[in-house]
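Quick note: numbers below take in every heavy atom, side chains included, and nothing from hydrogens, waters or symmetry partners. The chains referred to below are lettered A, B, ... by the order of the sequence lines, with proteins before strands, and numbering in each begins at 1.
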Amino acid sequence: MPILEVTGIQKSFEGTQVLTDIHFSLEKGQVLSLIGSSGSGKTTLLRCLNFLEQPDNGIIRVNGETLFDAKDPSTQKAEEIRRKRLHFGLVFQSFNLFPQYTAKENVMLAKKLLMQEQPNFKARKKEIFKEIEAEAVSLLTQMGLKDRMDNYPHQLSGGQCQRVAIARALALKPDILCFDEPTSALDPELTGEVLKVIKRLAEQNTTMIIVTHEMAFARDVSDQVIFMDEGRILEQGTPKQVFGNPKEERTRQFLNRFTEG
Amino acid sequence: MELFLEQLPIVLKALNVGFIQTLKLFFITLIGAIPLGLVISFGSMSKFKPLNWLVKMFVAVIRGTPLMIQLLIVYFFPGLVLGNPIWGSSESGRFLAASTAFILNYTCYFSEIYRGGIQSVPLGQQEAGLVLGMTKRQIFFKVTLLQMIKRIIPPMSNEVITLVKDTSLSRIIALQEIIWAGQSFMKGSQGISGAIWPLFFTAIYYLIFNGILTILLAQLENRLNYFR
Ligand SMILES: Nc1ncnc2c1ncn2[C@@H]1O[C@H](COP(=O)(O)OP(=O)(O)OP(=O)(O)O)[C@@H](O)[C@H]1O
Ligand SMILES: [Mg+2]
């Protein structure tokens with residue numbers, strides 16, 4: 001059974017159709033790259049998966065459980081959406097770190113708040129916070145930020161900020177981690193360090209959906225590639241198929257723009 | 001000179017009493033308007049149109065008219081128009097009326113500052129919190145609030161300094177604050193009359209108090225300089 005099944009997602013903003021009939025599925029441990037020109041709906045699709053936008057139509061299933069069905073209001077209860085979001089993580093283009101917290105505090109905050117809802121929280125508070133801190137330290141170390149943990153976001157480079165943001169998303173152990181152009185706000189020399197971290201996550205079989213304009217990276221790291229155009233999935237397949245032998249003329253034109261540089 | 005030295009203790013004592021009243025009005029206005037301003041700012045950002053419209057109108061009227069008029073209306077309206085002088089004519093009644101008018105007025109100014117502060121925190125902060133499974137409430141208190149406070153401290157400082165000076169407007173309904181106390185020696189009080197110098201002394205009280213406030217507020221601003 002696929003970890004994620006997306007069926008017939010539609011979304012329009014004020015009458016303009018932004019997503020049309022989006023269908024795809026993703027197996028556990030696989031990496032899906034979303035490519036396509038500006039305005040093709042990539043960000044909107046990720047936002048729908050993370051419940052930041054509500055699709056007008058369609059179904060989102062994770063591990064066989066229907067998280068969202070536009071036709072079934074019982075899947076849209078506001079108080080359940082917060083829990084459902086936790087199946088997904090989202091790393092933003094602009095990091096969106098919390099400026100008043102250190103790198104480590106950024107990673108710990110949400111987990112701490114979540115654990116407070118546990119019934120035995122009061123009794124085990126100290127123990128729980130120790131565990132959360134140890135996890136944050138371990139995640140940041142994996143991100144190569146061992147000696148940056150007590151720095152505030154404004155004291156970090158863009159690449160370091162984005163790695164903190166990745167650790168922050170991982171701290172909640174999402175089933176599927178989404179990236180929206182994680183390197184687009186970075187100077188070229190900082191792009192590599194972030195891509196390296198994502199590649200390592202792929203090697204550790206983290207299930208990921210990555211919106212990116214880094215074609216070489218997408219080709220290298222993905223199991224599946226989707227090319228979107230004007231809100232539709234125009235082509236999908238393995239990186240070999242989509243990059244090596246695109247069926248559609250639009251895909252070819254799009255890819256040519258990148259190879260010609 | 002001898003006369004001055006003789007009168008000085010009498011004047012200072014009267015000014016101190018007036019200044020206590022000034023301070024009381026100052027602090028009660030802050031205690032009331034700081035939280036109420038937040039309530040009003042939520043109203044002015046409400047997506048419920050009728051509420052939003054009503055709150056915005058109210059804020060526009062209060063900010064568009066002089067505090068002096070508001071003081072007079074709050075104090076005299078119940079007695080003269082409704083035939084029910086709720087405030088009475090005692091000093092404590094006048095103080096209540098003045099507090100009401102000041103809180104009303106400053107709530108509206110603060111609410112606009114808060115609104116600017118809240119709206120200046122990027123939407124991405126809220127979205128990051130949502131995606132991390134935080135509730136709206138947690139996002140407000142753990143993420144947005146401190147960033148908002150940092151942004152509103154400079155404009156709030158200006159308002160607070162203005163408030164110190166505005167308290168003197170309550171003289172219009174004969175609240176016995178420091179200006180009233182200083183002025184009484186012009187008309188004649190405790191054997192001193194025709195003296196204008198006590199009024200100059202009231203200015204010194206304002207200067208010193210505002211100086212202290214300026215230093216404290218600058219320290220608060222510095223405290224939040226650890227992040228950007
Ligand atoms: N909140 C919104 N209100 C109205 N229109 C929107 C909104 N969000 C996105 N759109 C529109 O939807 C379309 C798809 O936008 P989206 O951001 O998903 O594209 P994208 O593929 O991520 O583009 P880019 O590569 O530039 O990030 C665009 O035409 C955009 O203007
Ligand atoms: Mg986008």
Side-chain angles (χ1 to χ4, degrees), chain A residues 43 46-47 49-53 78-103 105-117 150-156 161 164-165 167-174 176-178 180 185, chain B residues 34-35 38 41-42 45-49 51-52 113-157 216-228:
Chain A
T43 297
L46 286 192
R47 289 173 63 85
L49 292 177
N50 283 276
F51 297 89
L52 290 175
E53 305 285 355
E79 65 275 21
E80 285 172 25
I81 284 181
R82 189 169 69 89
R83 286 258 149 204
K84 291 176 179 179
R85 280 200 172 105
L86 295 174
H87 289 285
F88 294 90
L90 179 57
V91 173
F92 299 86
Q93 183 175 338
S94 51
F95 331 133
N96 295 347
L97 290 180
F98 305 134
Q100 72 267 46
Y101 295 119
T102 63
E105 289 165 345
N106 261 279
V107 178
M108 295 193 301
L109 179 66
K111 186 77 191 243
K112 272 187 170 175
L113 294 172
L114 218 56
M115 290 305 277
Q116 283 177 16
E117 294 166 29
D150 296 319
N151 284 112
Y152 289 92
H154 78 271
Q155 300 166 321
L156 300 173
C161 280
V164 175
R168 182 175 71 171
L170 286 171
L172 295 177
K173 303 195 173 64
I176 300 140
L177 183 53
C178 305
D180 191 5
Chain B
I34 285 175
L38 197 59
S41 76
F42 285 142
M45 289 183 291
S46 165
K47 288 193 186 100
F48 182 58
K49 279 275 145 62
L51 176 69
N52 178 291
I113 293 178
Y114 293 161
R115 189 162 69 94
I118 291 173
Q119 288 174 344
S120 73
V121 177
L123 197 62
Q125 290 289 305
Q126 207 174 322
E127 293 187 340
L130 285 175
V131 168
L132 291 165
M134 292 163 66
T135 62
K136 283 251 159 87
R137 209 188 142 80
Q138 288 170 341
I139 292 171
F140 179 74
F141 284 107
K142 299 283 178 180
V143 177
T144 319
L145 185 61
L146 196 63
Q147 296 182 48
M148 168 191 147
I149 290 174
K150 182 183 169 78
R151 287 177 166 85
I152 65 173
I153 285 177
M156 284 293 277
S157 301
L216 289 178
L217 289 166
Q219 273 178 2
L220 188 63
E221 204 176 330
N222 277 332
R223 275 275 190 92
L224 291 178
N225 264 347
Y226 71 91
F227 72 89
R228 261 174 227 154

#### Entry: B:E127 portion near chain A, given a 4.5 angstrom heavy-atom threshold
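Both parts, backbone and side chain.
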### Task
Under 4.5 Å, counting heavy-atom pairs only, tell me which of A:P174, A:P99, A:A171, A:A110 racks up the most with chain B.
A:P99
### Query
Under a 4.5 Å cut-off applied to non-hydrogen side-chain atoms, are B:M134 and A:L109 in contact?
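In short, these two side chains touch, coming nearer than 4.5 Å.
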### Query
Are the side chains of A:Y152 and B:R228 in touch, meaning some heavy atoms are under 4.5 Å apart?
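When only atoms from C-beta onward are counted, B:R228 and A:Y152 do not touch, as no gap falls below 4.5 Å.
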Pairwise distance [atom1]([X]) to [atom2]([Y]) - rounded to 0.5 angstrom:
{"X": "A:L113", "Y": "B:R137", "atom1": "CG", "atom2": "CZ", "answer": "12.0 Å"}
{"X": "B:Q125", "Y": "A:Q100", "atom1": "CD", "atom2": "CD", "answer": "7.0 Å"}
{"X": "B:Q138", "Y": "A:Q116", "atom1": "CD", "atom2": "CD", "answer": "7.0 Å"}
{"X": "A:R85", "Y": "B:L132", "atom1": "CZ", "atom2": "CG", "answer": "10.0 Å"}

Please look at [X] and chain B and tell me whether the side chain, the backbone, both or neither of the residue comes under 4.5 angstrom of a heavy atom of that chain.
{"X": "A:L97", "answer": "backbone"}
{"X": "A:F92", "answer": "side chain"}
{"X": "A:Y101", "answer": "side chain"}
{"X": "A:E117", "answer": "side chain"}
{"X": "A:L90", "answer": "both"}
{"X": "A:L52", "answer": "side chain"}
{"X": "A:R83", "answer": "neither"}

## Note on the structure
If you tally heavy-atom pairs under 4.5 Å between each of B:T135, B:L130, B:L224 and chain A, the highest tally belongs to B:L130
### Task
Give a yes or no on whether the backbone of B:V131 and the side-chain of A:N50 come within a donor-acceptor separation of less than 3.5 Å.
no
### Donor-acceptor contact below 3.5 Å, side chain A:R82 vs main chain B:G133
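Here the side-chain-to-backbone pair exists.
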### Task
Inspect the surroundings of NZ in A:K111 and state if more than 12 heavy atoms from other residues, nucleotides or ligands are less than 6.0 Å away.
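Correct, the count exceeds 12.
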#### Entry: Exercise: identify the closest heavy-atom pair between A:F98 and B:A128
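A:F98 and B:A128 have their closest heavy atoms at CE2-CB, 4.0 Å.
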### Summary
Nearest heavy-atom approach of A:H154 to B:Y226 is CE1-O, 3.0 Å
